[in-house]
Undergrad: 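Have a look at the structure that comes next, please.
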Amino acid sequence: MIVKSCEFVISAMSKEQFPRDFLPEIALAGRSNVGKSSLINRMINRKNLARTSSQPGKTQTLNYYLVNNSFYFVDFPGYGFAKVSKSLRQKWGQLIESYLLNRSELKLVLQIVDLRHPPTADDRMMYEWLKHYQIPMCVVATKADKIPKTRLPGHLRLIRQTFGMSDHDRLVMFSAETGAGKDELWSLIASFLQTDLQTESPQRSQGEKP
């Protein structure tokens, strides 16, 4: 996909702040500091549009990035960060759960994990939750450039085994540093966006909420 434009739109703290233009949305979920912002920046060929932070848990909203005026990347707050207060974690959880279950514009969730390490208990919980509710998803294993090439297959195999993934479940290896996996991920995203365009209902085409 050729990215001609991309802009930050809003940091949403409630569903009332979500965009109402009915464009499709690709959500990114993962632990704090796993590389979600870096992945977005690499995908759109921008260095700092999605802000990265050395302070885990800093993202406390659903951040919307409009790409080519045709769809959004939606960056979730990082999960599994112990220093965030329990009340704030619950607030995030309720907002994200409502989004995942009720947001008709959501087309695909990219669950971001660190290829260098086995998935955590929080990673497994998110994966199993998404699978249980049959939400379209792809696991993206970042920081591939940090591992010797000879060891990559073993790390990918460990992720599949930890999650209990089948051969048909989607797993993409990615590096924000080198761009490895970028084309594969764009191809996957484009397939979901194209499906959305092909199945658009008359209501949606008229700008009405289904």
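One-based numbering along the sequence shown.
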Undergrad: Would you call W186 and V3 a side-chain contact if the rule is heavy atoms closer than 4.5 Å?
TA: yes
Undergrad: So, does R42 use its side chain to make a donor-acceptor pair with the main chain of A176 at under 3.5 Å?
TA: yes
Undergrad: Do T142 side-chain atoms and V113 backbone N/O form a donor-acceptor pair below 3.5 Å?
TA: yes
Undergrad: Check the side chains of T120 and D123 for a donor-acceptor pair under 3.5 angstrom, ignoring hydrogens and angles.
TA: yes
Undergrad: Among L62, L28, T61, I112, exactly one meets side chain to side chain contact (heavy atoms under 4.5 Å, CB included) together with F76. Which residue is that?
TA: L62
Undergrad: Please tell me if the side chains of L171 and I159 come closer than 4.5 Å, counting only heavy atoms from C-beta onward.
TA: yes
Undergrad: Salt bridge check: are D169 and K131 linked by an N-O gap of less than 4.0 Å?
TA: yes
Undergrad: Which distance, rounded to the nearest 0.5 Å, do you find between the OH of Y133 and the CG of L100?
TA: 10.5 Å
Undergrad: Has R103 got a side-chain atom pairing as donor or acceptor with S98's backbone, closer than 3.5 angstrom?
TA: no
Undergrad: Hey, does the side chain of R160 reach the backbone of S166 with a donor-acceptor pair shorter than 3.5 angstrom?
TA: yes
Undergrad: Could you tell me whether the side chain of E7 reaches within less than 4.5 Å of the side chain of Y65, counting heavy atoms only?
TA: no
Undergrad: Which value, rounded to the nearest 0.5 Å, describes the distance between D183 atom CG and M43 atom CE?
TA: 8.5 Å
Undergrad: Indicate whether any N or O donor in one side chain lies under 3.5 Å from an N or O acceptor in the other, for E16 and S14.
TA: yes
Undergrad: Are a donor atom and an acceptor atom from the side chains of N63 and S11 found within less than 3.5 Å of each other?
TA: yes
Undergrad: Kindly indicate whether the side chain of K107, heavy atoms from C-beta on, has any atom under 4.5 Å from the side chain of F71.
TA: no
Undergrad: Hey, is the main chain of T178 close enough, under 3.5 Å, to the side chain of D145 for a donor-acceptor pair?
TA: no
Undergrad: With heavy-atom distances below 4.5 Å as the criterion, would you say the side chains of L49 and N41 are in contact?
TA: yes
Undergrad: Given V139 and M165, is the side chain to side chain contact (heavy atoms under 4.5 Å, CB included) satisfied, shown in steps?
TA: CA-CA 10 Å; V139 175; M165 300 174 72; 4.1 Å; yes
Undergrad: Using 0.5 Å steps for rounding, measure from the SG atom of C138 to the CD atom of E184.
TA: 7.5 Å
Undergrad: Once the angle between the rings of Y72 and Y64 is folded into 0 to 90°, is it parallel (under 30°), tilted (30 to 60°) or perpendicular (over 60°)?
TA: perpendicular
Undergrad: P24 and S70: which non-hydrogen atoms are nearest, and at how many Å?
TA: CD-O, 3.4 Å
Undergrad: Same cluster or not: L66 versus I10, using hydrophobic residues (I, L, V, M, F, W, Y) connected whenever any side-chain heavy atoms lie under 4.5 Å apart?
TA: yes
Undergrad: Any chance the side chains of N45 and K182 put a donor and an acceptor closer than 3.5 Å?
TA: yes
Undergrad: One pair to check against side chain to side chain contact (heavy atoms under 4.5 Å, CB included): L185 and L39. What are the steps and the verdict?
TA: CA-CA 10 Å; L185 193 54; L39 183 147; 4.2 Å; yes
Undergrad: Working to the nearest 0.5 Å, report the span between CE of M137 and CG of L106.
TA: 11.5 Å
Undergrad: Would a hydrophobic clustering, with Ile, Leu, Val, Met, Phe, Trp and Tyr connected at side-chain separations under 4.5 Å, put I44 with L188?
TA: yes
Undergrad: So if you build clusters from Ile, Leu, Val, Met, Phe, Trp, Tyr with side-chain heavy-atom gaps below 4.5 Å, do L101 and M125 land together?
TA: no
Undergrad: Check for a donor-acceptor pair, side chain of D114 on one end and backbone N or O of R116 on the other, with a separation under 3.5 Å.
TA: yes
Undergrad: Taking the side chain as C-beta and beyond, is there a heavy-atom pair between F73 and I189 under 4.5 Å?
TA: yes
Undergrad: To the nearest 0.5 Å, what is the distance between CZ (R31) and NZ (K36)?
TA: 11.0 Å
Undergrad: Counting C-beta onward and ignoring hydrogens, is there a side-chain heavy-atom pair between I96 and P77 closer than 4.5 Å?
TA: yes
Undergrad: Tell me whether Q17 contacts the main-chain N or O of M13 through its side chain, where contact means a donor paired with an acceptor under 3.5 Å.
TA: yes
Undergrad: From M1 CE over to L193 CG, what is the distance, rounded to the nearest 0.5 angstrom?
TA: 5.5 Å
Undergrad: Are the side chains of F163 and P119 in touch, meaning some heavy atoms are under 4.5 Å apart?
TA: yes
Undergrad: Just by distance, with hydrogens left out, do E25 and Y99 show a side-chain donor and acceptor under 3.5 Å apart?
TA: yes
Undergrad: Can you check side chain to side chain contact (heavy atoms under 4.5 Å, CB included) on L156 and M173, steps first, answer last?
TA: CA-CA 8 Å; L156 290 169; M173 184 178 64; 4.1 Å; yes
